[in-house]
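All of these numbers come straight from a predicted model, not from anything done at the bench. These numbers come from the heavy atoms of this one structure, side chains and all, not from hydrogens, waters or symmetry mates. All chains are named by letter (A, B, ...) in the order of the sequence lines, taking the proteins before the strands, and each is independently numbered beginning at 1.
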Amino acid sequence: MFQLETRPVPSATMRLLSPLIAALLMLASGFVLFTLLGQPALKAFYVFFVQPLTTLYGVGEWLLKATPLLLCSLGLLIAYRANVWNIGAEGQLVMGAIAGGGVALAFPDVSASWLMPAMLVAGVAGGMAWAALPALLRTRFHTNEILVSLMLVYVAGLGLRFLVNGPWRDPEGFNFPQSRMFHEAAILPLLHPEMRVTVAGVLALMLVGLIWLFLSKSWLGFRLTVAGQAPAAARYAGFGERRNVWIAMLISGGFAGLAGVAEVAGPLGQLQPSVSPGYGFAAIIVAFVGRLNPLGALLASLLMSLLYLGGETAQMELGLPAAITGLFQGLLLFYLLAADLFIHYRVRRSERAPAAVLKEATR
Amino acid sequence: MNAPPPAARLSLRGISKRYPSVIANDAIDLDIAPGEIHAVLGENGAGKSTLMKIIYGVTRPDAGEIVWEGRKLAISSPSMARELGIGMVFQHFSLFETLTVAENIALSIDRPQAELHDEIREVSTRYGLPLDPARLVHSLSVGERQRVEIVRCLLQKPRLLIMDEPTSVLTPQAVQQLFATLRRLAGEGCSILYISHKLDEIRALCERATVLRGGRVSGEADPRLESNDSLARMMIGGELPACTLNPQAPGELRLALNGLSLTSDDPFGTALQDVSLAVHGGEIVGIAGISGNGQQELLAALSGEKKLARADGLSLRGVAAGKLGPSARRALGLGLGFVPEERLGRGAVPEMSLADNALLTGATRAGMLKGPWIQRSKVREFAREVIARFKVKAPDEDALAQSLSGGNLQKFIIGREVMLAPEVMVVAQPTWGVDVGAAMLIRNALIDMRNRGVAVLVISEELDELFMICDRIAVLADGRLSPAIATADASVELIGRWMSGDFSEKDSHVPA
């Protein structure tokens, strides 16, 4: 007989171990999955997790995809710590891309050094503005920010499609629904000529440090964390709930917007009907796998990025369906939530149920 | 040790129950005769509630045996306990507020409602517990709700009735009424297990007492032959400590409520009606009354968690503060300190360290910030000082708030607020669930603040406590506040009558 019992104190070890256990279980499930699909599992693993990183270009791609994941998850982890459930980072990313890309398209002849900062600021502002809607609706009308921010993802996506099909379509683009390519001053510099990753990767890395400082050392970060862990204590201490919602939403929206503008001003170089393969959603998983901790988010975004890459090589080399990436992402989150149970509970072996002991005494 | 009576209704032998972090019951023996009123006495955390839950089938013991009317058996569920003839009235009621009395009772007794109506009337009048079966529960006072719970048990003709701290929600007059009912029940042969930590009540009501301390039986006695001191010695293993209040002249007006009326956010809460109160520096004013009479609303209005419609509804040191939030009221000019009744989750963040919990309210007042940044060393230093000065039992300032016992956490929270040197201190239920030693430390800390000229307002359900530490006492009943009278002029009877909402002073000798 096994039974779960509450731990007197939540286990700090399990809190750290849980993502590792989840990753191992994900791999084990992948092993079974590959075998069932008729693939030699070890080769599939190699193709999925190792081969993408064997070339310099591949490493560049790895970092390239990790960048928007990291940026989005850095903002989201602050919101989640504050108990504000922004699910719409994907939409805020798209709005950031539209706003930042809009600046590039509006000044096609400007090659001055202010253009790129202006684009980044516009991108951040675009993401913030999109996140401000759920914040406003929640603080004014008590709507649920999960639903509102999620639904706004689709609004943003349709808005982008309208723009690239209509007003912003490249007149010389053979009628393809995309904007003209950005000029050189509107493109972020590359880190290395053989890789596509841009300086946005370095920016994201610096922001990891900034967020870490914000959460562990700043008064505002502390207040957001209190609001998330114990809302009544936050009210008691006088940390206004509305303010917390606004700050959490704006920070997470701003980071997603930054990720969006960095995508269009980086690898894409133009606005397209789709600017993200779901980075904003995957970043939710990244934030949780990273334990809502900025350093954790860094590691988790690298893992998640590898899943994207591996999914692509697996499609090409092994002819597996594209859904394989989403499947691994889902497995990872699923196992993480399961393993998290053991932070607060432990398994105890009860030799015999207490009732049985009593019944025996009755005889 | 008494030999077990020949025909005990219930005998417990060596009952033990352990939880992950504590042994709640350790080899407990207990015998109850038919028609006996038997007290189980002990401090909070002594294991009383666990033992009762075992008897009522809510919890199963790890070891030991239960003998019911001569038969060894395992009580596996509350419904089995009820079938055996065991009834229990819990400290916290389980009633649906939107249903009538009869509907609530019908939920646990399977009989047609029409029949029940008559039976409820009959049983309630026979035992002096008048009750209208058609009334909705939310319109009942707390004392009436308890009657519903008792009548519900009586309808099942129990042979053993367990009462878990029944008087904590009653006015002194209602306590006398309850005792009459219980004596009558006992006279008819029903055994009663009466759980309490109030020594006077036990000496007035019970024939035998089993005293628990730290999960073990620390003594058995006939409480009628014992004194409060001798019972307390068994209960806490030492003398009852004392505190003294030396008379002193009150100073300037520090806290004033001016005709405050406030609706409650809770649909079944109590609206405040025209509440006026003045607290001066150097005095402790107590607000007595049973929870649910507007205490929560009043506290939220005082702390700033609920802002008032009018700024002058509340003034702190002469400043109209009704529209200010909690941190503005806490700031230097106004200097409000506040200890809420819920410790985990409101007064402290459970999963944060004591140091972080010191930061919670201390940040601005104790200079723990430098611009937007937290100065960790100052936070730690402050937390260490609270721990040392208030004898908080914790390994260090990194201990999580939730790892502390209720009493220790309360010492920490009160210590934190005291060390922020407030000008006005509002404390709710200062010693709820706190052991006797810690309670005295807390009370003395409050008296010490008063002696230093701080205006102290204490809201408590414990009348004994208020009489011990207050200069003046007022009563909050049904959202209205009585006048505050000098403690020396107040009697338990007068306060008791006020608690039922009748604020006249007809048979007291105090001029109006």
Using a cut-off of under 4.5 Å for heavy-atom pairs, which of [options] has the most such pairs with chain A?
options	value
Leu400(B), Asn357(B), Leu344(B), Asp356(B)	Asp356(B)
Met352(B), Glu351(B), Arg376(B)	Met352(B)
Pro340(B), Gly325(B), Ser303(B), Ser76(B)	Pro340(B)

**Fill in**
If one checks every heavy atom of Ser216(A) against chain B at 4.5 Å, the contacting part turns out to be backbone

Measure across [X] and [Y] and return the closest heavy-atom pair with its distance rounded to 0.1 Å.
X	Y	answer
Val349(B)	Ala233(A)	CG2-CB, 3.9 Å
Ser218(A)	Ile374(B)	O-CD1, 3.4 Å
Leu213(A)	Trp373(B)	O-CZ3, 3.8 Å
Arg235(A)	Glu305(B)	O-CG, 3.6 Å
Gly238(A)	Ser327(B)	O-OG, 3.5 Å
Ala237(A)	Pro326(B)	C-CB, 4.3 Å

**Asked** Non-hydrogen atoms of chain A under 4.5 Å away: do they reach the side chain of Leu360(B), the backbone, both or neither?
**Response** both

**Complete:** Distance col, row Tyr236(A):OH vs Thr361(B):OG1, nearest 0.5 angstrom, shows 5.0 Å

**Prompt:** Got a second to check how far Phe222(A)'s CZ is from Leu359(B)'s CG, nearest 0.5 Å?
**Reply:**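 Spacing of CZ (Phe222(A)) from CG (Leu359(B)) equals 4.0 Å.
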
**Prompt:** Within 45° of the six-membered ring axis of Phe239(A) and under 6.0 Å from that ring's centre, is NZ or CZ of Arg330(B) located there?
**Reply:** no

**Message:** If you count every heavy atom of other residues, nucleotides or ligands that lies below 6.0 Å from Arg18(B) atom CZ, does the total exceed 12?
**Reply:** no

**Message:** How about CD on Glu342(B), more than 12 heavy atoms from neighbouring residues, nucleotides or ligands closer than 6.0 Å, or not?
**Reply:** yes

